[in-house]
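I have placed the structure first, in the form of structure tokens, so that the comments after it can refer back to it.
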Amino acid sequence: MEILKLKPACKDYLWGGDKLKTLYNKKCDTDILAETWELSCHKDGNSTIVNGEYEGKTLSYYIEKEGKKVLGENCKRFDDFPILIKFIDAKEPLSVQVHPDDKYALENEGQYGKTEMWYVIDCDDDSFLYYGFKKSLSKEDFENHIKNGTLEDVLNKVKVKKGDVFFIEAKTIHAIGKGITIAEIQQNSNVTYRVYDYNRVGADGKKRDLHINKAIDVTNLDFTGKNYNFGNHMVSCDIFDVDEVDINEEVFTSIADEKSFHSIIVIDGCGKVQYGDKYIDIEKGESIFIPSGLGEYTVSGKLKVLKTVIPEKMEYTVGVDIGGTDIKIGILDKYSNIVAKGICPTEAKKGAETVVKNIINAINTILDEKSIKKEDCKYIGIGCPGTIDAKNGIVVYSNNLKWENVHLKKEIEKATGLDVYISNDANCAALGEVKAGFSGKYKNAVVITLGTGVGGGIVLDGKIFEGGTGGAEIGHTLLERNGEVCTCGRKGCLEAYASATALIRQAKEKASKNKSSKLYELCNGDIDNMNGKIPFDACKMNDEVAIEVIDKYTDYLSEGIADMINIFRPEAIILSGGISKQGDYLTDILKKKVVPKVFGGANSYIPEIECAVLQNDAGVVGAGNLRAE
């Protein structure tokens, strides 16, 4: 068994340049070299082996002769070789395009769809690319922009720099801009639906084909770009795991075990790969294939490489966030990324049976659209408002849903065949922020939601604090005896002073008495237009009235935060809800006010005060992590 060095298949598409020849020493007879297919068993361009017993043979031939054992156990679930790796030089912009998912591609093209990732190797100073939309579009809007030639106006334009990484999931509209050189790791597919091609003509003098109807069928019109957090991985998905390895006169060791082959492409520099008593010299632009089962190998020198392997089949969880009006549902991968989401009406007035039916139908629809089998899901997690018996999966009481003693776990399990875990919705949101929003940075945190009311949850040692009746009611801790009337009927609760509703009430009172203030002006002369953002905006304009409002509001909130710190001594206080969107402006004020109120003051441990990351997705993500806690 040996490591193979590969020679790529070359493509001379009209938008290409010559960087791959001049900077990466690629050999090609054509003037234009747009793409080199570095690791490929695709019928449209096969890599060729340049060393060892199979020198001059294609990679496909090698796999046929040696058997699929050289690919590894994780590749058995794929009918064909799973990935294709390229270098791409875009002297001119590529067409605005989209790739279908597996389900659509298999039904309409007879091959798999295409999910891919881009690693920006080089780019001009003013280079940009298109990645999704600026905002969600309707199908009619999408069609009209294509028809009117205004599609670029609604695309998400992203300026790029070296080292940027983009994960282009199937159904995402995109285009590589001019002056960009990238490494692309993709699903083994060559299906592309062009939507817009700048009215260019091909070598035959004719405009290149567009595939507008198919593009309209498959494009995700809600996608507006997203960030991925894969821990130490650059990108991880069900098809490929990719790591960037930067080696500086040191040795990187890895093991090609029985699970997957390894692919290495050299982004920059030179070095060698050694296995046993053998080695291969490698340099910028080269590609090697390391067969499964070869064992330990080392990479040394001064170079930067991308290492790609095929992961085990992805397992998913389903997160459900039940609201009074709507139910949000998300399918989460093992990194807590939401890979698919949907929403359906709650219809609580029709009874628990209808709500359960809506949840099940929505889950089935989303799984089907994403081509995920139910057996690939580990469990369903559900966040529900009210008092929850998490151990037995019973909604003891929910005022929002008008439920009493609903055996939610039992009903969903019976209908789906999957294990079900439930908790209070605020607890789930707290767990989501702690587990995924901050990537496990904290194990002990209090999450305070500043919305219409004040809610939240407590996570201790990475687990939801359920208590005896479903968790804490943070908003109903006492702040001022015989104070403002709270929605719960009690007087002086934190919620009556620190909710967005309370801030708006306080701001209205001040604005009505100070009509020359910015606080009043930003309401356009009508205090009924007041919202939770206006007082902060006016405060930032140094409006004295607004400063007084925010000072009083943050005084109240800091008292509540200090109480949580004194009781739980968490690593972090995380603020969520609409008010938390003020970010550092809010937390900077609170940090100064909290310190003297905490037992021990500055001499004590003061936790971080952070603003939530996931916001509206926190409940779904937390629900999808209930068993993982």
Side-chain angles (χ1 to χ4, degrees), residues 13-16 34 88 90-105 107-109 113-118 120 123-124 126-160 164 166-180 182 184 186-187 189-202 205-228 338-343 365-366 369-371 616-617:
Y13 305 134
L14 59 85
W15 41 260
I88 299 176
K91 183 179 180 182
E92 299 297 333
L94 275 69
S95 61
V96 178
Q97 57 190 247
V98 66
H99 307 302
D101 61 7
D102 288 345
K103 182 178 179 182
Y104 189 94
E107 290 175 357
N108 293 274
E109 310 295 344
K114 185 175 173 184
T115 286
E116 62 194 27
M117 67 145 283
W118 298 337
V120 179
C123 59
D124 295 341
D126 58 350
S127 292
F128 68 89
L129 53 80
Y130 290 129
Y131 180 48
F133 297 101
K134 291 179 181 176
K135 62 180 182 179
S136 297
L137 297 180
S138 67
K139 186 174 181 179
E140 182 180 9
D141 286 339
F142 186 39
E143 291 184 43
N144 286 337
H145 281 295
I146 295 172
K147 180 180 178 181
N148 298 331
T150 57
L151 185 59
E152 288 181 282
D153 294 344
V154 295
L155 296 177
N156 181 33
K157 183 177 178 180
V158 183
K159 184 171 172 53
V160 299
D164 280 349
F166 296 88
F167 182 66
I168 315 295
E169 196 171 12
K171 304 171 70 172
T172 302
I173 198 162
H174 61 274
I176 301 172
K178 64 183 294 186
I180 302 176
I182 71 168
E184 177 175 288
Q186 60 159 86
Q187 216 169 338
S189 170
N190 202 24
V191 179
T192 296
Y193 297 150
R194 295 192 200 101
V195 184
Y196 176 66
D197 195 38
Y198 314 98
N199 298 313
R200 292 184 291 205
V201 296
K206 299 179 181 179
K207 289 183 180 180
R208 296 201 297 170
D209 291 338
L210 300 179
H211 316 92
I212 291 172
N213 290 336
K214 289 182 176 180
I216 290 171
D217 283 345
V218 304
T219 301
N220 180 357
L221 300 176
D222 292 323
F223 183 83
T224 54
K226 53 185 169 182
N227 295 318
Y228 283 79
I338 299 176
V339 300
K341 64 169 66 176
I343 191 167
T365 298
I366 297 166
E369 289 176 350
K370 190 65 180 177
S371 300
N616 291 334
D617 287 335

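- In this structure the side chain of Ile146 reaches within 4.5 angstrom of the side chain of Ile216, judged on heavy atoms.
- Between Lys207 and Asn199, the closest side-chain pair of non-hydrogen atoms falls below 4.5 Å.
- In this structure, the side chain of Asp141 does not engage the main chain of Leu137 through any donor-acceptor pair within 3.5 Å.
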Exercise. Show your reasoning for whether salt bridge (charged side-chain N to carboxylate O under 4.0 Å, His left out) applies to Lys341 and Asp617.
Key: CA-CA 10 Å; Lys341 64 169 66 176; Asp617 287 335; 3.1 Å; yes
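- Between Ile173 and Val96 the shortest side-chain heavy-atom distance falls below 4.5 Å.
- The main-chain N or O of Tyr130 is never found under 3.5 Å from a side-chain atom of Asn156 such that the two would form a donor-acceptor pair.
- By the 4.5 Å heavy-atom criterion applied to side chains, Lys139 and Leu221 are counted as neighbours.
- At least one cation-pi condition fails for Lys159 and Phe128: the charged atom is not both under 6.0 angstrom from the six-membered ring centre and inside a 45 degree cone around its axis.
- Contact annotation: the side chain of His211 never approaches that of Gln97 to less than 4.5 Å [non-hydrogen atoms, C-beta and beyond].
- Annotation: Asn616, atom CG; neighbour count of heavy atoms from other residues, nucleotides and ligands within 6.0 Å does not exceed 12.
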Exercise. Evaluate side-chain contact (heavy atoms from CB on, under 4.5 Å) for Arg208 paired with Leu14, printing each intermediate quantity in order.
Key: CA-CA 10 Å; Arg208 296 201 297 170; Leu14 59 85; 3.8 Å; yes
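- Annotation for Ala175 and Ser95: closest pair CB-O, 3.5 Å, computed over non-hydrogen atoms.
- Taking CD from Glu116 and CD from Gln186, the interatomic distance works out to 6.0 Å, rounded to the nearest 0.5 Å.
- Remark: Asp217 does not engage Lys214 in a salt bridge, criterion side-chain N to carboxylate O under 4.0 Å.
- Across all their heavy atoms, Cys123 and Val160 have their closest contact at SG-O, 3.7 Å.
- Checked by atom type, the side-chain pair Tyr193/Glu109 shows a donor-acceptor distance below 3.5 Å.
- Taking the six-membered ring for Trp and thresholds of 30 and 60 degrees, Phe142 and Phe133 have ring planes more than 60 degrees apart, a perpendicular arrangement.
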Quiz prompt | Check against side-chain contact (heavy atoms from CB on, under 4.5 Å), His145 and Val154 | solution = CA-CA 8 Å; His145 281 295; Val154 295; 3.3 Å; yes
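- To the nearest 0.5 Å, atom OG1 of residue Thr172 and atom CG of residue Asp222 are 11.0 Å apart.
- Neither side chain, Asp153 nor Thr150, offers a donor N or O lying under 3.5 Å from an acceptor on the other.
- Within the 3.5 Å criterion, the main-chain N or O of Asn144 finds a donor-acceptor partner in the side chain of Asn148.
- When all heavy atoms of Lys91 and Lys178 are compared, the closest pair comes out as O-CB, 3.4 Å.
- Separating the OG1 atom in Thr365 from the NZ atom in Lys370 is a distance of 15.5 Å, to the nearest 0.5 Å.
- Side chains of Ile88 and Ile180 form no contact here, defined as non-hydrogen atoms less than 4.5 Å apart.
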Exercise. For the pair Arg200 and Asp197, evaluate salt bridge (charged side-chain N to carboxylate O under 4.0 Å, His left out) and give the outcome as yes or no after the intermediate values.
Key: CA-CA 6 Å; Arg200 292 184 291 205; Asp197 195 38; 2.8 Å; yes
Exercise. Run the numbers on Lys114 and Thr192 for side-chain contact (heavy atoms from CB on, under 4.5 Å), then give the verdict.
Key: CA-CA 8 Å; Lys114 185 175 173 184; Thr192 296; 4.2 Å; yes
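- Across all their heavy atoms, Ala170 and Thr115 have their closest contact at N-OG1, 3.0 Å.
- Counting only heavy atoms from C-beta outward, the side chains of Leu210 and Val195 never approach each other to under 4.5 Å.
- Contact annotation: the side chain of Trp118 approaches that of His174 to within less than 4.5 Å [non-hydrogen atoms, C-beta and beyond].
- Look at Lys171 and Glu169 and you find no salt bridge, because none of the NZ, NE, NH1 or NH2 atoms lies under 4.0 Å from a carboxylate O.
- For the residue pair Ser189 / Gln187, no side-chain donor-acceptor distance below 3.5 Å is found, with atom types taken as modelled.
- Judged purely by atom type and a 3.5 angstrom limit, Asp124 has no side-chain atom pairing as donor or acceptor with the backbone of Ser127.
- Here the CD1 atom belonging to Ile182 is positioned 8.5 Å from the CE atom belonging to Met117, to the nearest 0.5 angstrom.
- Atom CZ of Arg194 and atom CD1 of Ile212 lie 12.0 Å apart (nearest 0.5 Å).
- Smallest separation of non-hydrogen atoms from Trp15 and Pro93: CB-O, 3.9 Å.
- Taking all atoms of both residues into account, the shortest heavy-atom contact from Pro100 to Ala105 is CG-CB, 3.8 Å.
- The structure places CD of Glu184 at 6.0 Å from CD1 of Ile176, a figure rounded to the nearest 0.5 Å.
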